[in-house]
Number of protein chains: 2
Amino acid sequence: MFSGKLLQLQQNLKNLPGIGEKTAQRLALFILSQNKEKSYQLADSIKIAVDSYTNCSTCNMLNETDPCPICKDPTRDESLLCIVESTRDVYHIESTQEYHGYYYVLGKLLSPVDGIGPKQLGLEKLKALVQDKCFKEIIFAISPSTEGESTIHFIAEYLQDISICLTRLSTGIPYGSDMEYTGTVTLMNALKRRFPI
Amino acid sequence: MFSGKLLQLQQNLKNLPGIGEKTAQRLALFILSQNKEKSYQLADSIKIAVDSYTNCSTCNMLNETDPCPICKDPTRDESLLCIVESTRDVYHIESTQEYHGYYYVLGKLLSPVDGIGPKQLGLEKLKALVQDKCFKEIIFAISPSTEGESTIHFIAEYLQDISICLTRLSTGIPYGSDMEYTGTVTLMNALKRRFPI
């Protein structure tokens, strides 16, 4: 009963992260049933944003300008570089207002299953940046998942001949969560890294 | 740090159902970082679908043709009309292959909070359809929510001078669910409508 054009829209929506078959169908039908003007606006804003954004040639962050506002901001802390997976993580960390150094966006994590090996990470650029600047510390702000862990360790090894302090975000029980629902590995880590009150 | 064009895209995505602030940001950044061609395809498929879909003048279902394939299918059961909230519900019911009658899509449910009163339901069209055809039964396939319940009862009252059997989908414990997590009202209904094995 689904016709080609609706199926095509559904398929394109399904390519977005976190959007499954059912949600894609729901969104597609909503797009068709809402005010036509609004759907046109959505389509146009996609093209406009895609056309005006580019990756910063220094840190890879998606931005309208190159270099991005962070890379060209001289007031930031020159001793700190934070390695993240995606531009989203930059926004996330910026929202804490706790970090004032520079960033480097990897764009991906090591994942042999998805064909992402060390080559795909493009670490030469990161090394050149680290050698060019005088950071005192590199902070890995990467998810503590299997892919995240192997990426952190691979990069740490890759940078081992550069004398620089490598750190990573603390792992533990998230603020506001319930002990009862904390996973075993998280609890193990939290115990291992317990700190004085 | 967010610039106007990304904000605009995020805002437009946030208008979609079930998409909150965070998901909209995630989707927007994904759209910018994926292959440009794919994002263009998404934008184009929105416009193409919006341009080619219309509401069936008989049953209101969103479709590429008017009348829709269901309304113009003479092999369907002429004695049954199923009233649903949205086109999505039509697809959902069709996927069960259990129902072979016709449909009527309301498009909305009574919701005084959202300014949707009896007038906005446009029931004259439904009444005209029911008077024109010779349905023997009208099935209300509408969510058993507050809005759903009041809509069902309002329409039932509105159609009371037409001699026709009005039914609604059974309510009870969903298949495969756990008794423990079944809500009190659901359990009450399931007890009330228990049936012999």
Side-chain angles (χ1 to χ4, degrees), chain A residues 1-13 15-19 22-23 25-55 60-65 68-70 86-88 90-92 94-95 105 107, chain B residues 1-13 15-19 22-23 25-55 60-65 68-70 86-88 90-92 94-95 105 107:
Chain A
M1 208 166 78
F2 261 67
S3 86
K5 284 159 192 165
L6 185 56
L7 258 185
Q8 191 55 52
L9 173 58
Q10 193 189 341
Q11 198 56 46
N12 286 334
L13 288 165
N15 288 335
L16 299 174
I19 308 284
K22 283 226 162 186
T23 309
Q25 192 188 95
R26 188 177 172 209
L27 294 178
L29 286 169
F30 178 86
I31 286 170
L32 292 185
S33 53
Q34 79 173 345
N35 186 310
K36 192 172 167 174
E37 196 53 47
K38 280 197 170 177
S39 297
Y40 257 76
Q41 266 173 21
L42 171 62
D44 286 334
S45 62
I46 290 173
K47 290 190 174 183
I48 291 169
V50 164
D51 283 340
S52 44
Y53 272 68
T54 181
N55 291 90
N60 297 331
M61 189 173 98
L62 275 167
N63 209 274
E64 278 197 86
T65 57
C68 72
I70 295 179
S86 70
T87 301
R88 194 153 49 101
V90 176
Y91 290 135
H92 206 164
E94 284 295 290
S95 73
V105 178
Chain B
M1 209 166 77
F2 261 68
S3 86
K5 285 160 192 165
L6 185 56
L7 259 185
Q8 191 55 54
L9 174 57
Q10 194 188 341
Q11 198 55 48
N12 287 335
L13 288 166
N15 288 335
L16 299 175
I19 307 285
K22 283 226 162 187
T23 309
Q25 192 189 95
R26 188 178 174 209
L27 293 178
L29 286 169
F30 179 86
I31 286 170
L32 292 184
S33 53
Q34 77 173 346
N35 185 311
K36 193 173 167 175
E37 195 54 47
K38 279 196 173 177
S39 297
Y40 258 76
Q41 268 173 20
L42 170 61
D44 287 334
S45 62
I46 290 173
K47 291 191 174 182
I48 292 170
V50 164
D51 284 340
S52 43
Y53 273 68
T54 181
N55 291 90
N60 297 332
M61 189 172 98
L62 277 166
N63 208 274
E64 278 198 84
T65 58
C68 72
I70 294 179
S86 71
T87 301
R88 194 155 49 104
V90 175
Y91 290 135
H92 206 162
E94 284 295 290
S95 73
V105 178

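First the proteins, then the strands, lettered A, B, ... as listed; each starts at 1.
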For this session: Let me know if A:Ser52 has heavy atoms under 4.5 Å from chain B in its side chain, its backbone, both or neither.
Result: side chain
For this session: Could you tell me which portion of A:Tyr40 (side chain, backbone, both or neither) has an atom closer than 4.5 angstrom to a non-hydrogen atom of chain B?
Result: both
For this session: State, with a plain yes or no, whether a side-chain heavy atom of A:Leu6 is found less than 4.5 Å away from one of B:Tyr91.
Result: yes
For this session: Mind ranking B:Lys36, B:Gln8, B:Lys22 by heavy-atom pairs under 4.5 Å with chain A and telling me who comes out on top?
Result: B:Lys36
For this session: Could you please spell out the steps behind the side chain to side chain contact (heavy atoms under 4.5 Å, CB included) verdict for A:Asn15 and B:Leu42?
Result: CA-CA 9 Å; A:Asn15 288 335; B:Leu42 170 61; over 6 Å; no
For this session: Report the option among A:His92, A:Arg26, A:Gln41 that has the most heavy-atom pairs separated by less than 4.5 Å from atoms of chain B.
Result: A:Arg26
Problem set entry | Considering all heavy atoms, the nearest B:Asn55-B:Asn60 contact | ND2-O, 2.8 Å
Exercise. Who are the salt bridge (charged side-chain N to carboxylate O under 4.0 Å, His left out) partners of B:Lys38, not counting sequence neighbours?
Worked result: none
Problem set entry | From A:Ile19 atom CD1 to A:Leu27 atom CG, the distance as rounded to the nearest 0.5 Å | 5.0 Å
Problem set entry | A:Thr23: partners by side chain to side chain donor-acceptor pair (under 3.5 Å), with sequence neighbours left out | none
Exercise. Side chain, backbone, both or neither: which part of A:Leu62 has a heavy atom under 4.5 Å from chain B?
Worked result: side chain
For this session: Mind ranking A:Pro17, A:Ala49, A:Gly107 by heavy-atom pairs under 4.5 Å with chain B and telling me who comes out on top?
Result: A:Pro17
Problem set entry | Heavy-atom proximity to chain A below 4.5 Å, by part of B:Ser39 | both
